[in-house]
Amino acid sequence: MVKGFLNLTFSSLFWTKQLLSASKDKSFGLTEASEDSPLYMIEYSSPNTNKPLHLGHVRNNLLGYSLANILKANGKKVVKTNIVNDRGIHICKSMYAWRTWGEGKTPESSNMKGDHLVGDFYVLFEKHYRQEIKELMENGITEDEAKQKAPSILEAHKLLQKWEANDTETRKLWSKMNKWVYDGFDQTYRELGVDFDKIYYESDTYLVGKEEVLKGLKEGLFYRKEDNSVWADLTKEGLDQKILLRSDGTSVYMTQDIGTAKLRFKDFPIDKMIYVVGNEQNYHFQVLSILLDSLGFKWGKDLYHFSYGMVELPNGKMKSREGTVVDADELVSGMKDVARETSEKLGKLEDYTKEEAQKTYKIIALGALKYFILKVDPKKNMLFNPEESIDFNGNTGPFIQYTYARIHSILRKAKERDIVSEKKESDIFEMSEIEKNIIKTISAYPQAVKEAGDSFSPALIANYIYSLVKEYNQFYHDCPILSEENKIIRDFRLILSETVSKIIKSGFKMLGIEVPERM
RNA sequence: GUCCUUGUAGUUCAAUGGAUAGAACGGCGGUUUCCUAAACCGUAGAUUUGGGUUCGAUUCCCAGCAGGGGCACCA
């Protein structure tokens, strides 16, 4: 007993038993889903189709994908879903700009990813729009009025109305441009290594939401104002009034989310619905939960808003209008360049073919990016400095990948020398403190997985893996493995190393990060 | 204005009410005839302020200060 704490020591035999049980278990720390496991649906990504994905989406995508893996590892059934906001004024702005100034440009003709092309027209729209507002204001019109009366915005609204009225030509243009965007998104998703089991489109769900709202109106849950708009009164819940249908009858974000939710629960036997959406929408989801509940959906009350923090840049928030966004595609390709340069400088992969090397650069680049983002508590805002943030040394993805690669280098050599380590309990040697510590950490893996699942936190996995690797590197530095003459100790250390690498791979898989055999 | 949220080394991040607040980057100083030095070791350096609860508070409560976000017929 020291200062009221009970300090226990265990024998080497105890620790070898712990290690062997972890080593022999093929899915150590993981729980398989069974027939009656609950089904979790996770919505993430949820892009608008008027611009390419940026750093904020990257955090969302990585968190959503990782969360899905973590829940699977905890024995849940998981359906990953994406709600694509494919309709609305934003895409109409791009459509108007393309039709007006696009000169028939296509992704092929301009050699551009479709999402970037469409995004450029959105920016072009905003530029013209701002100019028009400025001119109107110089003619003595108030800012509010100018924003509504500018010719560009009137045209965009006209397109939106035509879209809602199913105008053939408008729908054709809309389909064409959205298709460009989807091709671009698919490429980015593939690059990031994220995927979905089921994609919903708001153009398919908004009418369902509208029906629900009108039904609620009939039942007296909502009320209609003189101007024909429909509202929910949430003052009883301590909130305010919320608009559900505009005076022209068109639906808003909230309405669409109600429709999407209804469709999803019709399509899947969902036990828990998780929305991976930024914390700027906390209020929205609070309201959505109440509205779904009052509309009689029993699952409304316990929907879970996985509310993550914003990604900030050194000079503040990302603002698309001010051009201070970090583009997802550029980010990834920049990371790959740095990975390649670093690797070439160190001369590590000289006997690799170009393809093999390229593949490894990608694994390292994405490892760095993903780990950097996922190691931070999802709930908190995080700062991203494009110049300094992504490092390959220290507490980083590549540091952990490097440890994995070194272990596998040893395991390859062991194989070459036909060494087959005997997996049997033994206490005939004195284990070092660091070896005991590593086994202690290994034994804590199942608990770490469980806690990450309970608290929906990829950061816990990242931090766990880091501490394991930190300990292992110390051991690697201090203790000979293959060159250890005592075969019992050598085999023990091989098993220890192999088990650590297995956990690195398993934990990183949950984070969506791959590990290289060499680097 | 109102509601929510965050303040920890120079910087970016950790820390279930519990032992000496833990890392990384950056700084300074070391380690390579030895399984990958993208590694390892040493060193200096921090809980926003003031109250309260508690045997014990970075953690819980109240107030101040500072940052971020919400309160749209945007999504």
Side-chain angles (χ1 to χ4, degrees), chain A residues 2-5 7 46-48 50 83 85 87-91 148 202 225 227-231 238-254 256-257 277-284 286-287 307 309-310 312 314 316-317 339 342-343 345-349 364 367-368 372 375-377 379-385 388-389 391-403 405-414 417 451 454-455 459-460 462-464 466-467 469-470 472-484 490 493-494 497 516 518-519:
Chain A
V2 180
K3 292 187 187 173
F5 288 85
N7 292 294
S46 314
N48 289 359
N50 63 320
I83 175 76
N85 185 20
R87 61 164 288 278
I89 190 69
H90 51 89
I91 182 68
Q148 285 170 20
E202 278 191 1
K225 280 192 183 171
D227 66 0
N228 216 32
S229 54
V230 177
W231 295 72
L239 308 173
D240 54 11
Q241 322 278 320
K242 193 79 196 171
I243 187 158
L244 300 175
L245 290 175
R246 297 191 187 98
S247 48
D248 63 2
T250 57
S251 58
V252 295
Y253 185 35
M254 189 63 74
Q256 291 154 188
D257 264 1
V277 179
N279 62 16
E280 57 197 345
Q281 291 186 33
N282 286 351
Y283 183 71
H284 174 81
Q286 208 181 332
V287 172
S307 166
M310 304 283 96
E312 285 161 8
K317 218 191 155 187
T342 310
S343 181
K345 201 168 66 196
L346 296 168
K348 299 270 189 167
L349 300 174
I364 296 167
F372 182 83
K375 77 172 179 190
V376 180
D377 182 347
K379 289 192 281 295
K380 291 187 179 170
N381 286 3
M382 64 177 291
L383 185 93
F384 186 92
N385 185 333
E388 297 168 15
S389 284
D391 210 328
F392 291 78
N393 303 311
N395 184 0
T396 66
F399 167 82
I400 292 163
Q401 290 171 323
Y402 179 64
T403 305
R406 289 208 298 193
I407 294 174
H408 274 246
S409 172
I410 289 178
L411 296 179
R412 275 193 304 274
K413 284 183 176 139
R417 296 179 201 173
E451 278 170 20
D454 290 346
S455 57
L460 290 183
N463 292 334
Y464 166 84
Y466 177 68
S467 58
V469 163
K470 186 105 181 77
Y472 181 83
N473 274 345
Q474 214 181 89
F475 157 80
Y476 178 94
H477 183 266
D478 295 343
C479 305
I481 300 169
L482 283 176
S483 48
E484 170 60 47
R490 184 198 64 188
R493 287 181 177 164
L494 276 169
S497 301
R518 290 179 47 187
M519 67 182 273

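Hydrogens, waters and symmetry mates are skipped; everything else that's a heavy atom, side chains included, is used. Just so we're on the same page: letters track the sequence lines, and every chain starts at 1.
- Cation-pi geometry between A:Lys225 and A:Trp231 is met: under 6.0 angstrom from the ring centre, within 45 degrees of the axis.
- Remark: the separation of the P atoms in B:A57 and B:G51 is 14 Å, to the nearest Å.
- Rounded to a whole Å, the CD atom of A:Gln286 is 10 Å from the P atom of B:C4.
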query = Stepwise, does the side-chain contact (heavy atoms from CB on, under 4.5 Å) test hold for A:Arg518 with A:His408?
reply = CA-CA 8 Å; A:Arg518 290 179 47 187; A:His408 274 246; over 6 Å; no
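- Here B:A75 presents its C1' atom at 7 Å from CD of A:Gln281, a figure rounded to the nearest Å.
- When each of A:Ser251 and A:Gln241 is assigned the nucleotide of RNA chain B with its nearest heavy atom, A:Gln241 is the one assigned upstream, toward the 5' end.
- A sub-4.0 Å separation between OP1 or OP2 of B:C40 and a side-chain N or O of A:Asn473 is present.
- Comparing B:A63 with B:U6, their P atoms are spaced 15 Å from each other, to the whole Å.
- Whole-Å rounding puts the A:Tyr464 OH to B:C13 P distance at 25 Å.
- Between B:G50 and B:U59, the two P atoms lie 13 Å apart (nearest whole Å).
- A distance of about 27 Å separates the C1' atoms of B:U31 and B:U12, rounded to the whole Å.
- Put simply, NE2 on A:His284 is 11 Å from P on B:C71, counting in whole angstrom units.
- Using a 4.0 Å heavy-atom cutoff across all strands shown, A:Ile364 reaches at least one base atom of the nucleic acid.
- Within the structure, every side-chain polar atom (N or O) of A:Lys345 is placed at least 4.0 Å from both OP1 and OP2 of B:A38.
- For the C1' atoms, the distance from B:C28 to B:A9 is 16 Å, rounded to whole Å.
- To the nearest angstrom, C1' of B:G69 lies 17 Å from NZ of A:Lys379.
- A donor-acceptor pair is defined here as one N or O able to donate and one able to accept, closer than 3.5 Å; no such pair exists between the side chain of A:Asn48 and the backbone of A:Asn50.
- Residue A:Asp377 is classed as a sugar-phosphate contact, given heavy-atom separations below 4.0 Å to backbone atoms only.
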Listed pairs, N/O of protein and of nucleotides 32-36 of chain B, under 3.5 Å:
residue	atom	partner	partner atom	Å
B:C35	O3'	A:Lys413	NZ	2.9
B:C35	O2	A:Leu482	N	3.0
B:C35	N3	A:Ile481	N	3.0
B:C35	N4	A:Tyr476	O	2.7
B:C35	N4	A:Cys479	O	2.4
B:U36	OP1	A:Ser409	OG	2.8
B:U36	OP2	A:Lys413	NZ	2.8
B:U36	O2'	A:Tyr402	OH	2.3
B:U36	O2'	A:Arg406	NH1	3.4
B:U36	O2	A:Lys348	NZ	2.5
B:U36	N3	A:Met519	O	2.9
B:U36	O4	A:Met519	N	3.2

Polar-atom pairs under 3.5 Å, protein N or O versus N or O of nucleotides 8-10 of chain B: list them with distances, or write none.
none

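- In secondary-structure terms, RNA chain B builds stems of at least 3 consecutive Watson-Crick or G-U pairs, each pair having both distances under 3.5 Å, at B:1-7 with B:65-71, B:10-13 with B:22-25, B:27-31 with B:39-43, B:48-52 with B:60-64.
- In this structure, of B:G70, B:A38, B:C13, it is B:G70 that holds the atom nearest to the side chain of A:Tyr283.
- B:U43 and B:G26 have their C1' atoms separated by 14 Å, given to the nearest Å.
- Judged by distance alone, with hydrogens and angles left aside, the side-chain atoms of A:Lys375 form no donor-acceptor pair with the main-chain N or O of A:Thr396 at under 3.5 Å.
- Counting only distance, with no hydrogens or angles, the side chain of A:Ser497 and the backbone of A:Arg493 share a donor-acceptor pair below 3.5 Å.
- Considering only the side chain of A:Asn381, B:G68 comes nearest among B:C71, B:A39, B:G68.
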inquiry  = Please evaluate residues A:Asn228 and A:Arg246 with respect to the criterion side chain to side chain donor-acceptor pair (under 3.5 Å), reporting the C-alpha separation (whole Å), side-chain torsions for both, the decisive distance (0.1 Å), and the verdict.
reply    = CA-CA 8 Å; A:Asn228 216 32; A:Arg246 297 191 187 98; over 6 Å; no
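- Protein atom CD of A:Gln474 is 13 Å distant from nucleotide atom C1' of B:G42, rounded to whole Å.
- Side-chain contact between A:His284 and A:Met254 is present, with heavy atoms from C-beta onward closer than 4.5 Å.
- Between A:Phe399 and A:Tyr402, the distance separating the two ring centers is not shorter than 6.0 angstrom.
- At the heavy-atom level, A:Leu346 lies under 4.0 Å from base atoms of the strands shown.
- Rounded to an integer number of Å, the gap from CG of A:Leu244 to P of B:A75 is 12 Å.
- Smallest separation of non-hydrogen atoms from A:Leu494 and A:Ile410: CD2-CG2, 3.8 Å.
- Residue contacts shown for A:Glu312 are limited to sugar-phosphate atoms, with no base heavy atom under 4.0 Å away.
- Closest non-hydrogen pair, A:Ser307 versus A:Asn279, comes out as OG-CB, 3.0 Å.
- Among the protein residues, A:Phe392 comes within range of the nucleic acid bases, having at least one heavy atom under 4.0 Å from a base atom.
- Projected onto RNA chain B by closest heavy-atom contact, A:Arg87 and A:Met382 fall at different nucleotides, the more 5' of which corresponds to A:Met382.
- OP1 or OP2 of B:A75 lies within a sub-4.0 Å distance of a side-chain N or O belonging to A:Arg246.
- The line from CD of A:Glu202 to CZ of A:Arg87 is 7.0 Å long, rounded to the nearest 0.5 Å.
- The shortest side-chain heavy-atom distance between A:Lys470 and A:Asn395 does not fall under the 4.5 Å cut-off.
- Taking atom C1' in both B:U20 and B:C60, one finds a spacing of 24 Å when rounded to whole Å.
- Each of B:U16, B:G69, B:A24 was ranked by its minimum atom distance to the side chain of A:Tyr466; first place goes to B:A24.
- Nearest heavy atom pair, residue A:Pro398 against residue A:Phe392, reads CG-CD2, 3.3 Å.
- Judged purely by atom type and a 3.5 angstrom limit, A:Ser483 has no side-chain atom pairing as donor or acceptor with the backbone of A:Pro480.
- With hydrogens and angles left out, the side-chain atoms of A:Tyr253 and A:Gln281 include a donor and acceptor closer than 3.5 Å.
- Of the listed nucleotides (B:C40, B:U12, B:A75), B:A75 has the atom at the smallest distance from the side chain of A:Tyr253.
- Listed pair A:Asn282 / B:G69 fails the phosphate criterion, with no side-chain N or O lying under 4.0 Å from OP1 or OP2.
- In this structure, CE of A:Met254 is placed 10 Å from P of B:C71, rounded to the nearest angstrom.
- Using C1' as the reference atom, B:G7 and B:A15 are 16 Å apart when rounded to the nearest Å.
- A:Ser343 comes within 4.0 angstrom of a nucleotide base, judged by non-hydrogen atoms across all strands.
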